[in-house]
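This report concerns only the one structure given below.
From a predicted model like this one, the values you see are computed outputs, not experimental measurements. Start at 1 with the first residue, then count along the sequence.
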Amino acid sequence: MGLSAFYVAVISIVGLASFLVYLFSYHGEWVVRTLKTWLFTTDHKRIGLMYIAFGIVMFFIGGIYAILIRTDLGFVQGLGLNPVTTLGITPDVYSTLFTMHGTIMIFLFIMPALAGFGNLLIPSMIGSREMAMPKINAIAFWLLPPAAVILILSNAWAGWTGYIPLSLQANPADPYGIQMWILGLHILTISSMLGAINFVVTIIKHRAPGVKYWNMPLMVWAVLINSILLIFALPSLSIALTFVLSDLEFGTHIFAAINGTPLGGALLYQNLWWFFAHPEVYIMVIPAFGIISTVIPKLARKDIYGYSAMVIALASFAILSFAVWGHHMFVTGEPANVLFFFMLATFAIAVPSAVKVFNWVATLWGGKIWMALPMWFSLAFLTGFAIGGLSGLYLASIPVNILYHGTYFVVAHFHYILLGGTVMAIFAGIYFYFPVITRRWYDQRLGHIHFILSYVGTNVLLFPMFILGAEGMPRRVYTYVYIGNFQALNFLATIGAFIFGFGQLFFVYNIVHSYYYGEPVTTPDPWGEPLPSTMSGPAPVPQPAPTPLPVPTASPPPSEGGA
């Protein structure tokens, strides 16, 4: 195995070196010019595109970890085989797989991709020529690649939450894995904090004269509130990780076991972690709300329904998200009156979620809906977010949570919010802005194949997990007892994972091929709205406030361009 890995590494290095030699020999000037254009840019649009591209690359890397996890649980064990002898997946290897999958998908895919949309759109939407601090904006992005390398090389094994005492236990096979994991997350924290401060300053201080708070596009509100959440939530993460590092390196015993019991340190870590991590859930969803609130009104040919209610709902997320972290700790033995408060707060945060879903549906009601590909992904977002949100109401209840805590029911709920929700919104945004940016249409047939495989794969992957959790299958285990429907449902879920993964190959090919060979966009606004846009708020934006995109006065075409 070691010799094979050596040969693979040598072949990869030689191949990469040969490609670089060819590139510089025949296209040297073009390569240097392109690198200078992108590496040293402070243009918010280019930086936004680099954020999105980086996130997509990490999406595929994190997906490889997920496919390995599902192959173990579904195909290998679903067929009654041994994961150690077939795939070499031991408990330690499995712990690394799900740790790195969660870390990459959350911190290196979803957050950067959503930050990319913010960079791409916000200055134009508020009439600013650039971000408030362009160089800081570039630094925030270029912190991501080294952090990604450090995190991937860490091979951390303590779960994406890094729970105590797991993160304090030594692993002879990877003695500095947790330290590297913490270092990578610290770098990402700095990047996110710089980006969040930049967004807040840009939105507050760099709006055009006619752009007021109550006529800003909802995307701007979403990024503003998301940035405020980051500024208040990230310090808790930094404190928790620094304490872990201090215990590991200096023997401070802030979290570490004292007199043989780590319970107090474990609870302290969980409080600090979830005080960050539950607002983090909304950090990963609120910008997606902004994308959907841009796509649906545009393609429904209607102003957003209930603009003020939508803004208030976004603000409610920001406030309530800091009051619900305790529902992750219903089984830790905390007093009943404390748990009751967190249960009520969790039920309360479902209200703004319901308001937003209702308003999106009301915007669609009676609209002249153009069922373009971004609209299909927006509808997929609505269904995925609704299922994830409704299942969250079950987990908000103390007795139900105690029953389902630590089972695959929680995995299904969480992934419906992110995979069935946020990821679908990211795809909606990419397809919506692709013809705007490139001035070419994507291939409609490939795009719809991508949608069908993604939507079907997501539901076949995730819905069986609700049943697995209800039947008692614990999460974060690399093997399971063959009782009930465990084998069949895991096998079915794994089929869904492969369907979803196969669909992303169509997405990559479509985007790359269409960039060079897609049919040209022939109108200033490819999603041509017949009247100047008023979806920025309940009142028209006074002139000379700009609109995000040039809008012609032509009627919408009967079908998507390039079809």
Side-chain angles (χ1 to χ4, degrees), residues 51-76 83 87 89 93-114 116 144-145 147-149 151-156 159-160 184 188 284 288 377 380-381 384 388 408 411-412 414-431 446-447 449-465 475-476 478 490-512:
Y51 265 112
I52 295 172
F54 174 85
I56 294 299
V57 171
M58 292 297 111
F59 173 61
F60 279 89
I61 294 175
I64 293 172
Y65 287 95
I67 288 294
L68 290 173
I69 292 170
R70 290 312 321 167
T71 300
D72 164 35
L73 295 174
F75 289 164
V76 174
L87 292 177
I89 296 181
V93 171
Y94 183 83
S95 295
T96 297
L97 290 177
F98 81 75
T99 299
M100 298 312 301
H101 165 68
T103 301
I104 290 171
M105 288 302 199
I106 290 171
F107 295 104
L108 297 176
F109 162 50
I110 291 180
M111 292 180 68
L114 294 176
L144 295 180
V149 172
L151 282 171
I152 292 172
L153 292 179
S154 73
N155 285 325
W160 76 273
L188 290 177
M284 293 187 287
F377 275 103
F381 167 87
Y408 261 80
V411 179
F414 182 66
H415 281 76
Y416 257 112
I417 294 291
L418 295 184
L419 181 57
T422 299
V423 174
M424 296 300 172
I426 290 173
F427 285 136
I430 290 173
Y431 282 115
L446 293 177
I449 292 174
H450 172 224
F451 167 75
I452 292 171
L453 293 177
S454 296
Y455 190 67
V456 171
T458 295
N459 287 280
V460 174
L461 165 64
L462 298 182
F463 203 84
M465 294 183 184
R475 61 191 297 196
R476 298 184 177 182
Y478 90 111
N490 273 291
F491 190 86
L492 181 62
T494 302
I495 291 176
F498 274 86
I499 293 173
F500 180 87
F502 183 62
Q504 308 323 304
L505 301 179
F506 288 90
F507 165 71
V508 172
Y509 176 80
N510 192 3
I511 294 299
V512 174

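In this structure, L97 and Y478 have side chains that are not in contact, with every pair of non-hydrogen atoms separated by 4.5 Å or more. Inter-residue side-chain proximity for I449 and N510 is flagged as unmet; no heavy-atom pair is nearer than 4.5 Å. Using a 4.5 Å heavy-atom cutoff, the side chains of V411 and F98 are not in contact. I152 is listed as a side-chain neighbour of Y65, based on a closest heavy-atom distance under 4.5 Å. With a 4.5 Å cut-off on side-chain heavy atoms, F377 and I430 do not count as touching. With contacts defined as side-chain heavy-atom distances shorter than 4.5 Å, the pair I495/F75 qualifies. Put simply, the side chain of I511 does not reach to within 4.5 Å of the side chain of I56, judged on heavy atoms. Looking only at side-chain heavy atoms (C-beta outward), F59 and Q504 come within less than 4.5 Å of each other.
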Stepwise, does the side-chain contact (heavy atoms from CB on, under 4.5 Å) test hold for Y51 with L144? CA-CA 9 Å; Y51 265 112; L144 295 180; 3.4 Å; yes
Walk me through it: do F507 and L453 pass the test side-chain contact (heavy atoms from CB on, under 4.5 Å)? CA-CA 10 Å; F507 165 71; L453 293 177; over 6 Å; no
Which is it for L114 and I426 under the side-chain contact (heavy atoms from CB on, under 4.5 Å) test, yes or no, and what are the steps along the way? CA-CA 7 Å; L114 294 176; I426 290 173; 3.9 Å; yes
Going through the distances and angles, do V93 and L68 end up as a side-chain contact (heavy atoms from CB on, under 4.5 Å)? CA-CA 11 Å; V93 171; L68 290 173; over 6 Å; no
Evaluate the criterion ring-ring contact (aromatic ring centres under 6.0 Å, His included) for residue pair F498 and F502; output intermediate values, then yes/no. CA-CA 6 Å; F498 274 86; F502 183 62; over 10 Å; no
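Note that the OG1 atom of T458 and the CE atom of M424 stand 3.5 Å from one another [nearest 0.5 Å]. Taken to the nearest 0.5 Å, the CG atom of N459 stands 3.5 Å off from the OH atom of Y416. For the atom pair CZ of F506 and CG of L446, the computed distance is 7.0 Å after rounding to the nearest 0.5 Å. Taken from CZ in F60 to CD1 in I67, the straight-line distance is 11.0 Å, to the nearest 0.5 Å. One finds the CD1 atom of I106 at 12.0 Å from the CG atom of L188 (value rounded to the nearest 0.5 Å). A distance of 6.5 Å separates CZ in F500 from NE2 in H450, rounded to the nearest 0.5 Å.
Between the R476 side chain and the S95 main chain, no donor and acceptor come within less than 3.5 Å of each other. Of the possible donor and acceptor atoms, one in the side chain of S154 sits under 3.5 Å from a partner among the backbone N and O of L151.
Nearest heavy-atom pair across F107 and P112 is O-CD, 3.5 Å. Of all the heavy atoms in M100 and A156, the pair that sits closest is SD-N, 3.7 Å. Residue G62 comes nearest to H101 through the heavy atom pair O-ND1, 3.1 Å, listed as atom of the first residue, atom of the second, then distance. The two atoms that bring D72 and V76 nearest to each other are O-CB, 3.5 Å, heavy atoms only. Closest approach of A380 and Y455 over heavy atoms only: CB-CD1, 3.6 Å. The minimum heavy-atom distance linking A148 with F54 is given by the pair CB-CZ, 3.8 Å.
Applying side chain to side chain contact (heavy atoms under 4.5 Å, CB included) to F109 and the options L418, V57, V423, I61 leaves one that passes, V423.
Separation of the F451 and Y431 ring centroids does not fall under the 6.0 Å cut-off.
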